[in-house]
Amino acid sequence: MTESKAYLKKEWLEFKRTHRLLAFCILFAVFAILGPATAKLTPLLLEAFQADLETQGMQLVISEPVAMDSYMQFFKNLPILLIIVIILFSGSFTGEFTKGTGVLMLTKGLSKRKMLFTKYILWMLTTLGGIFLYLAIFMGYTAYYFKLTNLGGFFAAAGIYLIYIWFWLSLLLLMSVIIKSAGIVILGMGAVYFILSLIAIIPNAEHYLPTGLSQGVVFVADPTVIKDFLPAILITCCLNIVLIIASALLVPRKEV
Amino acid sequence: MTIDMKQFMELLPIMIPLIAIEAGLLLYGLIHVLTHKNYKCGNRLIWVLVVCLFSIVGPILYIILGKEDSASRDDDFE
């Protein structure tokens with residue numbers, strides 16, 4: 001436990017001193033500001049094009065932006081942030097072995113399993129921290145510009161999205177164990193997303209797939225839809241546990 | 001697109017932090033690129049262009065992909 005704690009401290013310091021933490025916070029903050037900003041500015045932009053479009057025979061009805069438009073932006077920006085998180089952490093574990101820095105830790109008595117799970121805890125904590133920062137700034141701006149509505153649905157949808165993010169981090173954990181290079185880890189993640197998207201073409205399949213949890217604004221508009229996605233929530237949680245156990249079992253075999 | 005004074009004042013709370021972040025990142029990125037000569041990948045010219053041309057994203061790309069982990073300023077070599 002002591003060595004894991006020390007390793008976690010070392011990883012945190014590295015994350016801080018390489019300014020990745022700063023970049024991480026700035027990205028989450030910028031996207032949090034951009035969500036309500038886009039919702040507020042879109043009608044103004046549309047107004048600017050209204051005259052042009054009307055001469056082409058298109059009729060534009062511009063309505064006042066509401067909190068729901070802002071929520072929509074919140075869920076539109078989350079996948080971009082998730083991709084950034086995956087890219088940022090993709091080389092975290094594999095890099096220790098390709099650069100040879102992991103060997104130093106192993107010779108000091110830290111097991112590969114402890115090394116992997118310490119990194120996983122750091123990924124989870126920093127992502128969770130980033131999401132909370134994103135949520136706090138976003139809610140502040142949304143409350144300032146719009147009248148908050150459907151808050152229950154919004155927080156439920158955000159909670160469900162957290163399970164979706166947890167799934168990708170758990171998958172990243174397994175990919176980092178079975179694959180040697182960071183680039184191929186990202187490709188592997190992309191391949192899994194592609195396969196899941198293909199399966200989602202089957203009618204109602206998304207009610208059972210992790211990708212079904214990324215509906216976001218659909219849940220905000222009608223929280224009763226969530227009960228249709230309960231199998232997807234359950235399956236994703238089970239998959240996460242399977243991915244974590246598989247990683248724990250496979251990591252001792254990883255070549256140094 | 002024309003915005004009146006009222007709309008401008010309304011958008012100010014969004015614009016101020018975005019401009020501050022953008023200017024801060026640009027300055028930090030540019031100073032770092034110009035005072036260091038070792039990068040994880042690419043060269044000085046590429047990173048100066050990336051940092052200057054892509055606002056917000058450019059300096060962050062530099063921090064993640066270009067900036068050397070160890071502190072090795074130019075004067076350390078002299």
Side-chain angles (χ1 to χ4, degrees), chain A residues 13-52 62 65 70 73 80-81 83-92 95 99 101 137-138 140-146 182-183, chain B residues 1-42 44 47-48 50-73 76:
Chain A
L13 272 179
E14 190 184 325
F15 195 62
K16 228 166 66 176
R17 287 191 183 156
T18 51
H19 298 290
R20 282 170 187 229
L21 178 67
L22 180 76
F24 201 75
C25 292
I26 289 172
L27 269 174
F28 277 87
V30 167
F31 276 100
I33 300 170
L34 283 179
T38 314
K40 188 84 189 153
L41 284 169
T42 307
L44 287 174
L45 284 168
L46 285 175
E47 256 174 45
F49 293 111
Q50 196 172 25
D52 272 353
I62 302 166
S70 190
Q73 293 304 321
I80 306 170
L81 289 169
I83 292 170
I84 295 169
V85 166
I86 289 170
I87 293 173
L88 198 68
F89 293 138
S90 60
S92 171
K99 285 185 210 157
T101 45
I137 297 174
F138 172 85
Y141 273 103
T142 307
Y144 179 75
Y145 283 115
F146 312 103
Chain B
M1 186 175 81
T2 50
I3 53 171
D4 54 36
M5 199 57 190
K6 191 180 158 246
Q7 284 170 326
F8 177 77
M9 292 306 281
E10 231 179 54
L11 293 172
L12 221 51
I14 290 175
M15 276 152 46
I16 291 172
L18 282 181
I19 292 169
I21 290 173
E22 192 175 331
L25 277 175
L26 178 73
L27 270 178
Y28 170 79
L30 209 54
I31 291 170
H32 202 280
V33 174
L34 295 175
T35 52
H36 292 73
K37 54 180 168 187
N38 292 330
Y39 312 103
K40 272 188 210 157
C41 59
R44 185 173 281 178
W47 284 119
V48 167
V50 169
V51 168
C52 293
L53 295 180
F54 303 101
S55 61
I56 299 177
V57 180
I60 286 175
L61 272 179
Y62 172 68
I63 291 171
I64 297 172
L65 302 173
K67 192 174 150 290
E68 266 288 330
D69 290 342
S70 57
S72 51
R73 285 167 68 102
D76 292 344

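Residue numbering restarts at 1 for every chain, and letters A, B, ... go by the order of the sequence lines.
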Asks: For Ile14(B), is it the side chain, the backbone, both, or neither that has a heavy atom closer than 4.5 Å to a heavy atom of chain A?
Replies: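 Looking at Ile14(B), backbone and side chain both touch chain A.
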
Asks: Can you measure from CD1 (Ile64(B)) to CD1 (Ile87(A)) and round to the nearest 0.5 angstrom?
Replies: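 It comes to 8.5 Å.
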
Asks: Would you check, one step at a time, whether the test side chain to side chain contact (heavy atoms under 4.5 Å, CB included) holds for Ile60(B) with Ile84(A)?
Replies: CA-CA 11 Å; Ile60(B) 286 175; Ile84(A) 295 169; over 6 Å; no

Asks: Which value, rounded to the nearest 0.5 Å, describes the distance between Leu22(A) atom CG and Leu25(B) atom CG?
Replies: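 These two atoms lie 7.0 Å from each other.
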
Asks: With a 4.5 angstrom heavy-atom cut-off, could you sort out which part of Leu11(B) is near chain A: side chain, backbone, both or neither?
Replies: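 Both backbone and side chain.
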
Asks: On a heavy-atom basis, which atom in Ile26(A) and which in Ile21(B) lie closest, and how many Å separate them?
Replies: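 Here Ile26(A) and Ile21(B) meet closest at CG2-CG2, 3.5 Å.
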
Asks: Atom CD in Glu10(B), atom NZ in Lys40(A): separation rounded to 0.5 Å?
Replies: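 Interatomic distance, Glu10(B) CD to Lys40(A) NZ, rounded to 0.5 Å: 4.0 Å.
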
Asks: Is Tyr144(A) close to chain B through its backbone or its side chain, or both, or neither, when contacts mean heavy atoms under 4.5 Å?
Replies: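 Contact with chain B: side chain only.
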
Asks: Minimum heavy-atom separation for Arg20(A) to Ile63(B), with atom names?
Replies: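 Looks like N-CG2, 4.5 Å.
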
Asks: Side chain, backbone, both or neither: which part of Glu22(B) has a heavy atom under 4.5 Å from chain A?
Replies: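 The answer is neither part of Glu22(B).
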
Asks: For the atom pair CD1 (Ile33(A)) and CE (Met15(B)), what is the distance rounded to the nearest 0.5 Å?
Replies: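 Taking CD1 in Ile33(A) and CE in Met15(B), the distance rounds to 12.5 Å.
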
Asks: Give, as side chain, backbone, both or neither, the part of Pro13(B) having an atom under 4.5 angstrom from any heavy atom of chain A.
Replies: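 Contact with chain A is through both the backbone and side chain of Pro13(B).
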
